Protein chains: 2
Amino acid sequence: MVRSTNSRRPATLASLAAELGVSRTTVSNAYNRPDQLSPELRKRVLDTARRLGYPGPDPVARSLRTRKAGAVGLLLTENLSYAFRDPAAVGFLEGLALACEDADHGLLLIPANPEHEDVASVHSAGVDGFVVYSVPDDDPHLAAVMERPVPTVICDQPSLPEIDRVGIDDGAAIKDLARHLIELGHRKIGVVCMRLARTRNDGPASPERQSRANFHVQRARLTALSEAFAEVGVDWEQVPVIERFDHTTESGGSAAARLMELDPEITAIICTSDILALGALTEVRRQGRRVPQDITITGFDGIDDAERVELTTVRQPVLEKGRAAGRLLLDASESTGKPREVLLDTQLLTGSTAGSPRSVEERWFGP
Amino acid sequence: MVRSTNSRRPATLASLAAELGVSRTTVSNAYNRPDQLSPELRKRVLDTARRLGYPGPDPVARSLRTRKAGAVGLLLTENLSYAFRDPAAVGFLEGLALACEDADHGLLLIPANPEHEDVASVHSAGVDGFVVYSVPDDDPHLAAVMERPVPTVICDQPSLPEIDRVGIDDGAAIKDLARHLIELGHRKIGVVCMRLARTRNDGPASPERQSRANFHVQRARLTALSEAFAEVGVDWEQVPVIERFDHTTESGGSAAARLMELDPEITAIICTSDILALGALTEVRRQGRRVPQDITITGFDGIDDAERVELTTVRQPVLEKGRAAGRLLLDASESTGKPREVLLDTQLLTGSTAGSPRSVEERWFGP
DNA sequence: TGCGGGAACCGTAACGGTTCAGTAAGTGTG
DNA sequence: CACACTTACTGAACCGTTACGGTTCCCGCA
């Protein structure tokens with residue numbers, strides 16, 4: 001493929017204009033405002049461009065001048081590749097991509113290694129705005145985004161002053177789930193949650209660590225759980241909460257095992273994500289316990305796999321979250337002054353992994 | 001969050017320099033080459049920057065000057081959001097994202113609506129290179145990419161002169177599968193394939209349409225199938241091939257139904273993707289046929305769900321493909337002159353959805 | 001006292017476009 | 001025939017930065 005004909009340096013708008021003996025403006029207009037020049041001249045410009053291997057106006061130079069990049073940046077908490085492993089994240093991405101597509105914008109995935117303090121990737125992203133998805137509130141990348149003078153939408157993050165936000169009511173959602181379990185009779189429960197801070201902690205999470213968690217979503221869910229169970233007299237201090245840094249089914253499995261080891265009497269394991277719950281389910285069954293007869297397992301998210309195994313969980317509209325975030329960012333009719341907030345509905349999915357706990361006698365002596 | 005202190009126009013490197021009474025170069029150096037100025041002055045620069053709300057050098061302007069964007073563009077054939085529905089595509093994305101992450105580059109998803117002829121999105125992408133994934137060979141977006149004077153890697157596409165490429169040997173891979181079926185005794189088969197051209201055609205695909213397909217991968221697989229079965233005397237003209245535009249399980253199901261309607265005697269349905277095969281599986285069972293006793297179903301890709309249902313299929317290293325494409329693009333040690341090519345291995349996965357066809361009598365009268 | 005050499009900083013010229021206020025020629029109108 | 005209006009094109013300013021090749025100053029050393 002021939003990319004330039006006679007010069008070693010690639011053709012530019014200026015060289016093309018020189019070749020044609022017209023002004024740069026005219027060449028620019030040939031591409032951007034066809035009505036500003038005669039059809040004949042325009043054709044001549046375009047033909048010469050082809051002959052010289054001129055690929056059209058340089059996007060970066062254009063961006064500099066027009067002050068728009070035609071792209072939206074996405075910052076997420078995890079290694080970039082992780083986003084593609086978690087079905088909930090993929091759903092969010094899909095929704096965001098849809099919104100971008102509608103607005104004819106690109107979607108720039110920004111590498112933000114959580115281990116690195118290096119925020120250069122945020123500084124070097126040529127975008128018209130950012131979507132920040134579920135990043136710990138003390139992440140330097142988040143701070144770097146906030147410094148950039150472009151609109152930003154946050155999702156699954158605590159409110160920030162003057163920043164648009166989309167999310168769900170995590171607390172209300174998981175309270176529905178908790179009340180369902182309470183109605184079924186569960187009082188001795190265990191919890192498996194995702195990472196609460198940027199530092200690794202695979203094991204029990206003290207109430208203090210829970211309430212200081214940097215991941216808003218996890219903190220909100222745990223707090224709501226404690227409140228819901230407090231209503232029926234459960235002392236949250238006594239409820240074992242196992243934290244896992246990696247968000248995988250393996251993590252869910254090992255956490256469930258740990259939980260049952262810590263307190264064999266628990267009748268339900270509440271997981272703060274479906275992925276963790278699926279792992280817990282597998283582990284519990286591997287140990288020969290039946291679900292829900294011997295133990296109840298619940299998740300959160302409502303991913304496809306969860307539905308497939310009839311997990312009792314909360315469905316949240318992940319795709320809609322992404323789409324809403326994108327729309328908020330790209331919608332020109334903003335500038336209302338006040339930051340906007342979109343809260344989406346969730347739905348309790350009563351599957352077949354939650355049931356009434358059997359009494360202790362039953363558990364020992366069989367039904 | 002205060003974004004600029006005293007001026008209405010946002011601060012620039014120049015205004016910062018003026019405020020400080022130093023040259024622009026020095027301010028630039030404060031950010032990019034700390035060793036070029038005294039620590040005290042650097043601190044003064046950075047402090048003043050904070051005070052003025054200067055967010056650091058503008059990424060677009062920097063890109064223009066340095067001629068690098070720190071991002072890789074990805075062009076795919078489908079609506080952007082589609083990429084997130086197909087597990088194989090997600091795997092590819094994950095691999096590519098990994099490679100980008102390693103090189104500290106962003107990954108820009110370029111909206112390329114296949115319906116639109118509009119290639120502006122390609123022209124306005126500020127990237128250092130492109131990865132083109134499974135785009136029909138007559139897609140204008142592909143042509144637009146080729147005109148951009150940046151390195152490009154293609155994947156799951158036919159070779160293009162001077163362009164690096166990564167892929168698998170689709171023909172060899174599916175021939176292995178075909179021979180497996182042939183050994184089992186299948187001679188009357190039907191095929192379900194993905195779209196063969198940019199124009200919608202939900203129905204039978206003539207041999208001519210097959211050989212003229214614009215999607216390289218599909219064409220290669222169909223051609224190889226015809227060759228493999230020709231070796232045992234099967235007349236490909238007689239083999240029904242049902243094409244589906246949308247790549248969904250529903251498509252696979254309806255295509256399988258159509259196939260069985262067209263020729264009730266087929267003993268195997270070969271699908272060119274796992275997604276289609278999963279749909280076919282569901283449909284066939286819905287009709288009360290047992291797999292593999294009554295009919296054999298095969299797929300292609302080796303996605304997780306396929307493994308879960310023990311589909312007989314071909315596993316291809318989707319993640320590795322993405323990673324390889326990214327590495328090829330970002331690897332500085334290029335300029336070898338010759339275009340590079342990476343061909344990855346595939347593996348026949350003999351699951352439980354392929355078996356020996358029963359004789360016609362057995363089929364009519366039971367075993 | 002003269003001089004080599006590094007540290008610290010600076011001036012200018014790109015980088016490749018877009019934009020806007022013109023200008024000159026052509027067209028229709030009363 | 002003067003006037004307004006349109007069409008087709010141009011010139012210069014500007015977008016915000018970094019690359020390149022200096023200059024200045026100070027210090028150590030013979």
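Since this is a predicted model, take the numbers as computed values, not measurements. Lettering of chains follows the sequences in order, A, B, ..., and the numbering in each one begins at 1.
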Would you classify [X] as touching base, sugar-phosphate or nothing, given that sugar-phosphate means primed atoms plus P, OP1 and OP2, and contacts are heavy atoms under 4.0 Å?
X	result
B:Val22	sugar-phosphate
A:Thr26	base
A:Arg42	nothing
A:Arg67	sugar-phosphate

What is the separation between atom [atom1] on [X] and atom [atom2] on [N], rounded to the nearest whole Å?
X	N	atom1	atom2	answer
A:Arg24	C:dC20	CZ	P	16 Å
B:Leu64	C:dC15	CG	C1'	4 Å
B:Tyr31	D:dT18	OH	C1'	15 Å
B:Asp58	C:dC15	CG	P	19 Å
B:Arg33	D:dT17	CZ	C1'	12 Å
B:Asn29	C:dA8	CG	C1'	10 Å
A:Glu40	D:dT7	CD	P	14 Å
B:Leu37	D:dT18	CG	P	13 Å

Ignoring backbone atoms, establish whether [X] has a side-chain N or O less than 4.0 Å from OP1 or OP2 of [N].
X	N	result
A:Ser38	D:dA8	no
B:Thr12	D:dG16	no
B:Thr66	D:dT18	no
A:Asn32	C:dT18	yes

Please determine, for the side chain of [X], which listed nucleotide ([options]) has the closest atom?
X	options	result
B:Ser23	C:dG17, C:dC10, D:dT17	C:dC10
A:Leu41	D:dC9, C:dT19, D:dT18	D:dC9
B:Gln36	C:dC9, D:dT17, C:dT18	C:dC9

Do the side-chain N and O atoms of A:Asn32 and A:Arg62 include a donor-acceptor pair separated by under 3.5 angstrom?
-> yes

Are B:Thr25 and B:Ser28 close enough that a side-chain donor and a side-chain acceptor fall under 3.5 Å?
-> no

Check whether any side-chain heavy atom of B:Leu330 lies under 4.5 Å from a side-chain heavy atom of B:His105, and answer yes or no.
-> yes

Starting at the 5' end of DNA chain D and moving along, which residue's nearest nucleotide shows up first, A:Asp35 or B:Gly56?
-> A:Asp35

Under 3.5 Å, is there a donor-acceptor pair between the side chain of B:Ser121 and the main chain of B:Pro111?
-> yes

Do the side chain of [X] and the base of [N] come within less than 3.5 angstrom through a donor-acceptor pair of N or O atoms?
X	N	value
B:Arg65	C:dA14	yes
B:Arg62	D:dT17	no
B:Thr25	C:dG11	yes

For the pair A:Phe92 and A:Tyr133, name the ring-plane relationship: parallel under 30°, tilted 30 to 60°, perpendicular over 60°.
-> parallel

Which word best sums up how the rings of B:Phe84 and A:Phe84 line up, parallel for under 30°, tilted for 30 to 60°, or perpendicular for over 60°?
-> parallel

